[in-house]
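Just below is one structure, and these are the notes that go with it.
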Protein chains: 2
Amino acid sequence: MVKTQREKAVLLFHALSDLTRLELLDKLKNGEQCVCDLTEALHSGQSRLSFHLKVLKEAELINDRREGRWVYYALNPDAIEDLEDFVRDLKETTRLGGASKSCA
Amino acid sequence: MVKTQREKAVLLFHALSDLTRLELLDKLKNGEQCVCDLTEALHSGQSRLSFHLKVLKEAELINDRREGRWVYYALNPDAIEDLEDFVRDLKETTRLGGASKSCA
DNA sequence: ACCATACATCAACAATTGTTGATAAGTCAA
DNA sequence: TTGACTTATCAACAATTGTTGATGTATGGT
C-alpha cells in the first residue's frame, strides 16, 4: 500500500503522541538500549513496552538490532529529518496572508 | 492542572496525528479561514470539523477570532516554535553515544 | 536435550478518540 | 420578535488504541 506524505506524517505524529513513547525516546537519547534496560528504567511491563517500541519502529523513529539474546533499540536520525521537514514546511507557509473572506 | 513539558508535547503531537487535522492546517497556510470555507474545502460535515478545530485549538496550533456570524481560524506561530524546540532537543541529543550494555 | 533468559505476539478487555445527527447558542436582518 | 444563518455542543454509537497476562519463539548455557 502506498502512503502519501501526509499519511506518513500521521504515523509519525501518532507515534509521538504518547507519554510512554516519549519517555522511551528520551531514554534512547543516551544511546542504544536493550528492552530489559528500558523496562527497568520505566518500571513497566515487558509486553507493554514491546507494544510501544513497535509503534515507534513502524514510524521509523527507532531501529532495532539483535545481539545474542538481546535486542537493542536506538534512535533513527532519519526520522528527525522528516520531522524537521514538516516543521519547516509549516513555518515557511505561515505567512499572515490575507484571509479569503469568501463567506463575507 | 499543571502540565509537564512532555504532556504538552503529547497534546501537540496528538493534534497532529490525524489526516483531517493536517488537511485543516494545510488550508490555513493560505491564511485565515472561516469554518464555512473549511467545510466546503474538505467536503466535511460541520460538527465534524468543529470537533477537529477544537482539538487543534486546545493544542494551541490555531487561534480563533469571531467576526459577526463567522469564526475565523488561523495558524498560531507560537506552536511552530514549540515544535521546533522539540525537534531541536531530540536532534541535539541524538549522538550515537555508546550503548549501556548493562544487561550483557 | 533441557532449562533459563530476552523479547514478540496474541486474545480479551478497558479506555480513548472520532463520527453522526439533533439541538443549543450567538449574530444579524427584516 | 421572528426567522435565517453560522458555529458549538451533546448524546449515542463506531472505531481505534492501549493494557494485561498467557503463550510462542529465538538464543545461549549446562
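All values reported here derive from a predicted model rather than from experimental measurement. Naming convention: chains lettered A, B, ... in sequence-line order (proteins, then strands); numbering from 1 in each chain.
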Main chain of A/N63, side chain of A/N76: is a donor-acceptor contact present, judged purely on distance under 3.5 Å? no
Can you sort out the partners of B/D85 under side chain to side chain donor-acceptor pair (under 3.5 Å), two or more places apart, ordered by chain and number? B/R88
Report the residues that fulfil side chain to side chain donor-acceptor pair (under 3.5 Å) with B/D26, sequence neighbours left out, ordered by chain and then residue number. A/R6, B/K29
Got a sec, which hydrophobics cluster with A/L11, joining ILVMFWY side chains under 4.5 Å apart, including via others? none
Could you work out which one of D/dT6, C/dC7, D/dG18 sits closest to the side chain of A/C34? C/dC7
Out of D/dA8, D/dG18, C/dG18, which nucleotide sits closest to the side chain of B/F51? C/dG18
Expressed as a whole number of angstroms, how long is the span from [X]:[atom1] to [N]:[atom2]?
X	N	atom1	atom2	result
A/W70	C/dT5	CH2	C1'	8 Å
A/D37	C/dA6	CG	P	10 Å
A/D64	C/dC7	CG	C1'	11 Å
A/L24	C/dC7	CG	C1'	14 Å
B/R21	D/dT16	CZ	P	14 Å
A/Q33	C/dA6	CD	C1'	15 Å

Can you give the donor-acceptor pairs under 3.5 Å from side chains of residues 17-24 of chain A to other protein atoms, not counting sequence neighbours?
from: A/S17; atom 1: OG; to: A/H14; atom 2: O; distance (Å): 2.7
from: A/D18; atom 1: OD1; to: A/T20; atom 2: N; distance (Å): 2.9
from: A/D18; atom 1: OD1; to: A/R21; atom 2: N; distance (Å): 3.1
from: A/T20; atom 1: OG1; to: A/R48; atom 2: NH2; distance (Å): 2.8
from: A/R21; atom 1: NE; to: A/A15; atom 2: O; distance (Å): 2.8
from: A/R21; atom 1: NH1; to: A/H52; atom 2: ND1; distance (Å): 3.1
from: A/R21; atom 1: NH2; to: A/H14; atom 2: O; distance (Å): 3.0

For B/F51, the ring pair (Phe, Tyr, Trp, His ring centres under 6.0 Å) test, sequence neighbours excluded, returns none
Let's see if you get this right: which residues in residues 52-59 of chain B place a heavy atom under 4.0 Å from DNA chain C? B/H52
By side chain to side chain contact (heavy atoms under 4.5 Å, CB included) - contacts of A/Q5 (at least two apart): none
Can you find a side chain N or O atom of B/Y73 that sits less than 4.0 Å from OP1 or OP2 on D/dA8? yes
Let's see if you get this right: which residues in residues 38-50 of chain A place a heavy atom under 4.0 Å from DNA chain D? A/S47, A/R48
Could you label the plane-to-plane angle of the A/F13 and B/F13 rings as parallel, tilted or perpendicular, counting under 30° as parallel and over 60° as perpendicular? parallel
Salt bridge (Lys or Arg N to Asp or Glu O under 4.0 Å) involving A/E40 - partner list, sequence neighbours excluded: none
Holding to salt bridge (Lys or Arg N to Asp or Glu O under 4.0 Å), I want the full list of residues that pass it with A/E84, two or more places apart in sequence or in another chain. B/K91
Mark up nucleotides 25-30 of chain D, 5' to 3', with B wherever a protein heavy atom is under 4.0 angstrom from a base atom, S wherever such an atom reaches only the sugar-phosphate, and - elsewhere. --BSS-
Applying salt bridge (charged side-chain N to carboxylate O under 4.0 Å, His left out), which residue pairs with at least one partner in residues 49-59 of chain A are found, sequence neighbours left out? A/K57-A/D64
